[in-house]
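We count residues from 1, following the sequence as given. Predicted model, so just to flag it, every value in this text is computed and none were measured. Both counts, for ligands and for their atoms, begin at 1 and track the order of listing.
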Amino acid sequence: MTIARRIADAIGVRPSESAARPVGSAARPSESAARPSESAAPRPTLEWQVATVSRIKPETARAKTFTLQLPNWRPHRAGQHYDVRLTAPDGYQAQRSYSIATEPERTGEIALTVELIPDGEVSSYMHGVLETGDRIEVRGPIGGYFVWQASDPEPLGLVAGGSGVVPLMAMLRHRAAAAGRQPARLLYSSRTSHDVIYAVELARLHAAGDGAEVFQTLTRGAPEGWSGFTRRIDAAMLREVLGPLGADVRIFVCGPTLLVESVADALVTIGVPAERIKTERFGPTGS
Ligand SMILES: Cc1cc2nc3c(=O)[nH]c(=O)nc-3n(C[C@H](O)[C@H](O)[C@H](O)COP(=O)(O)OP(=O)(O)OC[C@H]3O[C@@H](n4cnc5c(N)ncnc54)[C@H](O)[C@@H]3O)c2cc1C
């Protein structure tokens with residue numbers, strides 16, 4: 001039996017059960033929670049709580065957004081994440097990090113957008129088992145490095161691959177909610193047009209004409225009439241999209257590990273100082 005199956009069958013953080021269970025304190029910290037920047041975070045932030053799933057919205061065939069009502073909601077900063085923990089009756093636990101998709105201005109709830117990873121332990125559970133009304137253990141907000149505030153006046157450059165768009169969407173939503181007027185440009189790489197997460201909202205943001213612009217590239221085929229890029233992100237594309245933001249730009253890059261590393265290298269190649277680039281890696285593959 002696969003581990004994912006074991007979780008789905010056994011746990012089922014069919015959370016009425018998990019809520020009855022003590023919220024544990026012995027969990028191994030996630031890789032992100034172990035970052036030095038977080039060791040200084042106030043302790044209450046890292047308490048586990050049992051959230052209720054109030055809405056599940058399909059974004060693409062492989063990505064769903066889960067809106068969670070939190071009994072102990074705390075303000076977050078755009079770019080931060082929550083940890084999700086699943087616990088089986090035999091004590092087996094699986095824990096993963098998921099970026100907050102929603103803007104800090106929305107109180108009482110957060111949304112997490114999760115991409116289904118084939119055979120992925122936690123993402124398979126969330127896609128295949130979790131239902132509206134279920135409860136699930138989470139803790140956060142976590143992260144003090146990959147964060148942005150609308151009060152930061154510098155131009156904002158965002159580069160995403162796949163589900164790496166999630167924390168960057170929180171930044172764009174925050175900018176819109178706070179009526180930020182610094183120029184902002186998102187360069188977003190997806191496999192095909194069917195894999196574009198938040199497609200409608202991104203089009204709306206771009207059309208709003210308030211200084212936020214969205215540029216897209218499709219790496220595995222584009223529909224007829226497509227006017228965006230059709231190749232992997234490279235130095236020329238980064239120069240074309242982010243160059244107009246000028247020398248003061250602050251850049252956030254998020255996505256699969258290989259994409260993040262190649263984009264960061266290319267940014268340095270085109271002369272962006274490394275201290276203006278912040279990166280977040282979601283996973284081990286770039287395919
Ligand atoms: C700070 C942070 C924020 C994150 N935010 C998000 C988010 O908003 N949305 C989201 O969907 N994911 C996000 N992730 C990734 C997430 O934490 C999990 O790694 C991912 O959901 C896979 O977990 P899993 O249990 O389903 O797969 P696992 O059981 O851990 O892995 C199954 C297989 O898939 C591979 N794999 C693991 N992760 C990935 C990945 N991301 N891409 C490709 N292959 C992978 C593994 O190497 C393994 O072979 C974030 C990660 C970090 C560190």
Heteroatom proximity flag, [X] to ligand 1, N/O under 3.5 Å:
X	result
Phe282	yes
Val122	yes
Ser99	yes

Using a strict 4.0 Å cut-off to heavy atoms of [X], name the atoms of ligand 1 that fall inside it.
X	answer
Val114	11 (O)
Glu280	1 (C)
Gly283	39 (C), 40 (C), 41 (N)
Gly120	24 (P), 25 (O), 26 (O), 27 (O), 28 (P), 29 (O), 32 (C)
Ser163	10 (C), 11 (O)

Indicate yes or no: at least one non-hydrogen side-chain atom of [X] is less than 4.5 angstrom from one of [Y].
X	Y	answer
His174	Trp148	yes
Met171	Phe252	yes
Arg96	Met126	no

Which of these, [options], has its nearest heavy atom closest to [atom]?
atom	options	result
atom 25 (O) of ligand 1	Arg96, His127, Arg62, Met169	Arg96
atom 21 (O) of ligand 1	Tyr98, Tyr125, Phe146	Tyr98
atom 40 (C) of ligand 1	Ile117, Ile100, Val165, Asp119	Ile117

Can you see which heavy atom on Pro141 is nearest to which on Arg74, and at what distance?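 Between these two residues, the closest heavy atoms are CD-CB, 4.0 Å.
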Shortest non-hydrogen separation from Val196 to Ser190 and the atoms involved: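 Smallest interatomic distance, heavy atoms only, reads CG2-OG, 3.6 Å.
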Tell me whether Arg85 forms a cation-pi arrangement with Trp48, defined as NZ or CZ under 6.0 Å from the six-membered ring centre and within 45 degrees of its axis.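 Yes, a cation-pi geometry holds between Arg85 and Trp48.
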Is Arg77 close enough and on-axis enough to Phe146, meaning under 6.0 Å and within 45°, for cation-pi?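 No - Arg77 does not lie over the ring of Phe146 by the 6.0 Å and 45° rule.
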At a 4.0 Å cut-off, with the gap strictly under it, does some heavy atom of Arg281 reach an atom of ligand 1?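 A heavy atom of Arg281 does come that close to ligand 1.
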Results of side chain to side chain contact (heavy atoms under 4.5 Å, CB included) for Pro244 - residues two or more places apart only: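 Side chain to side chain contact (heavy atoms under 4.5 Å, CB included) check on Pro244 returns Arg185.
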Excluding sequence neighbours, so at least two apart, what forms side chain to side chain contact (heavy atoms under 4.5 Å, CB included) with Arg55?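 Listed in chain order: Lys57, Thr67.
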At under 4.0 Å between heavy atoms, which part of [X] makes contact with ligand 1: side chain, backbone, both or neither?
X	result
Thr113	backbone
Val166	side chain
Glu115	both

Between Arg175 and Asp210, is there a salt bridge with N-O shorter than 4.0 Å?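 Between Arg175 and Asp210 there is a salt bridge, with a charged N closer than 4.0 Å to a carboxylate O.
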